Amino acid sequence: MSKISLVIHGGAGTILRSVMTPDLEKAYLLALQEALEVGYGLLENGGSSLEAVKAAVMSLEDCILFNAGKGSVFAKDGSQEMDASIMEGKTLMAGAVSAVRNIRNPVELAYTVMTKSQHVMLNGKGAYDFAILNGIKTEPDDYFFSPFRYDQWKQMQDSDEAALDHNVSLTDKKFGTVGAAALDKHGNIAAATSTGGMTNKQFGRVGDSPIIGAGTYANNKTCAISCTGHGEPFIRAVTAYDVSCLMEYKGLSLEEAMNVVVHDKLIKMDGEGGMIGVDANGNTAMVFNSEGMYRGMKNSSGKNIIAIYK
Ligand code: ASP
């Protein structure tokens with residue numbers, strides 16, 4: 001049987017065992033496993049890596065525990081604006097949306113931008129209009145409301161700070177951006193990322209998640225990557241593409257390249273976070289420089305890992 005692999009993340013940050021309750025931990029592990037099963041099931045049935053990453057990310061977007069889709073964080077003005085992207089390694093086609101509101105599954109909209117428009121990234125109101133034209137599911141503001149996110153934002157609203165939602169001071173609540181990378185039976189890889197961004201973000205701020213090459217990248221020649229962390233350094237470091245470049249131009253393995261970017265380059269730029277990735281041989285890696293990263297992987301060699309802490 002041809003190899004298949006799926007690797008996912010649910011965000012990185014100050015995630016400490018000491019402040020996690022057993023019930024919450026169980027809920028996270030279940031949600032991660034469920035997303036893995038959804039995506040992996042598609043791969044097993046011959047589905048494409050693109051379909052698998054979309055499905056895995058949609059499963060995480062529908063879960064209130066993660067900062068994407070339903071569980072998105074609040075911006076300074078009390079709005080919830082989401083970013084997402086998806087890329088296919090075989091064709092180098094990509095789709096992305098930024099600062100969208102009321103879209104149930106931003107990654108599905110990013111996929112639709114890729115497959116049904118002549119553009120790569122649509123923003124805000126235009127992206128919403130495109131969603132309506134293409135029958136993408138929307139939800140009222142209430143759907144996206146969660147009391148704990150609201151409290152996180154209220155704690156910060158009077159400051160000019162924006163925070164990774166795992167790092168806001170309400171320390172027993174940790175939630176994150178989501179992403180997936182996959183290899184399918186046909187040897188093609190893909191990656192996708194979706195987020196509500198950073199709590200208390202201002203002025204229409206857009207992070208790395210919807211930016212091809214920063215938060216997401218896929219190229220059959222090298223790797224498929226989805227990042228999570230403090231978006232600004234990730235944009236400046238062109239993080240996901242840098243991993244691909246280190247593999248393509250320097251011959252590094254996936255894990256070696258991710259280690260250079262996460263533990264050296266990003267650290268020098270104060271870039272807290274991590275990434276997950278897969279290469280065209282089905283090798284996966286999950287690397288982070290924060291206290292923890294919600295993560296999981298499953299492959300056709302029988303490996304199935306779900307983890308949170310270092
Ligand atoms: N990278 C995301 C952003 O900066 C946040 C996250 O990964 O949690 O918008």
Side-chain angles (χ1 to χ4, degrees), residues 8-15 28 32 57 60-61 63-76 79-86 96-101 106-107 110 121 123-124 148-149 152-153 156 161-168 170 173-181 191-217 225-243 258 261-262 266 269-277 286-295 308:
I8 61 170
H9 71 77
T14 311
I15 304 163
Y28 274 115
L32 289 167
V57 167
L60 295 166
E61 284 177 337
C63 175
I64 193 117
L65 293 173
F66 300 100
N67 171 22
K70 187 173 173 63
S72 291
V73 297
F74 287 86
K76 176 117 181 142
S79 67
Q80 286 160 297
E81 291 192 340
M82 300 167 284
D83 304 329
S85 63
I86 191 162
V97 291
S98 60
V100 294
R101 298 185 186 189
V107 76
M121 187 191 283
N123 170 64
F148 42 81
R149 295 262 183 246
Q152 282 182 324
W153 164 58
M156 297 190 67
E161 297 287 303
L164 274 185
D165 90 312
H166 333 285
N167 294 357
V168 287
L170 205 68
K173 309 282 192 212
K174 326 245 178 257
F175 318 96
T177 289
V178 306
T193 310
S194 180
T195 189
M198 289 176 75
T199 300
N200 213 36
K201 62 187 179 180
Q202 296 186 57
F203 312 115
R205 179 262 188 192
V206 172
D208 60 311
S209 306
I211 297 180
I212 298 303
T216 304
Y217 188 70
I225 301 283
S226 170
C227 299
T228 173
H230 188 175
E232 280 71 8
F234 278 67
I235 294 173
R236 290 188 284 118
V238 202
T239 313
Y241 184 61
D242 199 20
V243 174
M258 280 167 62
V261 172
V262 173
L266 278 171
M269 298 172 81
D270 271 337
E272 182 188 359
M275 57 173 70
I276 50 128
M286 309 184 273
V287 175
F288 54 100
N289 62 30
S290 45
E291 291 295 336
M293 180 167 80
Y294 298 102
R295 60 199 187 276
I308 299 177

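This one's a predicted model, so the numbers in the text were calculated from it and none came from an experiment. In listed order, ligands and their atoms are each counted from 1. FYI, the numbering just counts along the sequence from 1. Hydrogens, waters and symmetry mates are skipped; everything else that's a heavy atom, side chains included, is used.
Taking the six-membered ring where the residue is Trp, Phe74 and Trp153 present parallel rings, their angle staying beneath 30° rather than reaching 60°.
Comparing Gly215, Gly229, Gly207 by heavy-atom distance to atom 5 (C) of ligand 1, the nearest is Gly229. Evaluated by nearest non-hydrogen atom to atom 9 (O) of ligand 1, the leading choice among Arg205, Met293, Glu232 is Arg205.
At a 3.5 angstrom cut-off on N or O pairs, Asn67 does not count as close to ligand 1. Residue Gly231 has at least one N or O atom closer than 3.5 Å to an N or O atom of ligand 1. Considering both main-chain and side-chain atoms, Thr177 comes within under 3.5 Å of ligand 1 through a nitrogen or oxygen pair.
Each of the following atoms of ligand 1 lies closer than 4.0 Å to a heavy atom of Thr228: 6 (C), 7 (O), 8 (O). Remark: ligand 1 atoms within the under-4.0 Å shell around heavy atoms of Asp208 are 1 (N), 2 (C), 3 (C), 4 (O). The Gly197 neighbourhood of ligand 1 comprises atoms 9 (O), with distances under 4.0 Å to a heavy atom of that residue.
Each of Thr228, Thr14, Val262, Leu266 was compared with Glu272 under the side chain to side chain contact (heavy atoms under 4.5 Å, CB included) criterion, and only Thr14 meets it.
With a 4.0 Å heavy-atom cut-off, ligand 1 is reached by the side chain of Ser209 but not by its N, CA, C or O.
Side-chain polar atoms of Ser72 and Gln80 form no donor-acceptor pair below 3.5 angstrom. Side-chain contact check for Ser209 and Thr193: no donor-acceptor pair (N or O, by modelled atom type) lies under 3.5 Å. Between the side chains of Asn123 and Ser98, at least one donor-acceptor pair of N or O atoms lies under 3.5 Å.
Of the inter-residue distances, the one linking Arg236 atom CZ with Met269 atom CE reads 4.0 Å to the nearest 0.5 angstrom. Atom CD1 in Ile15 sits 4.5 Å away from atom OH in Tyr294 (nearest 0.5 Å).
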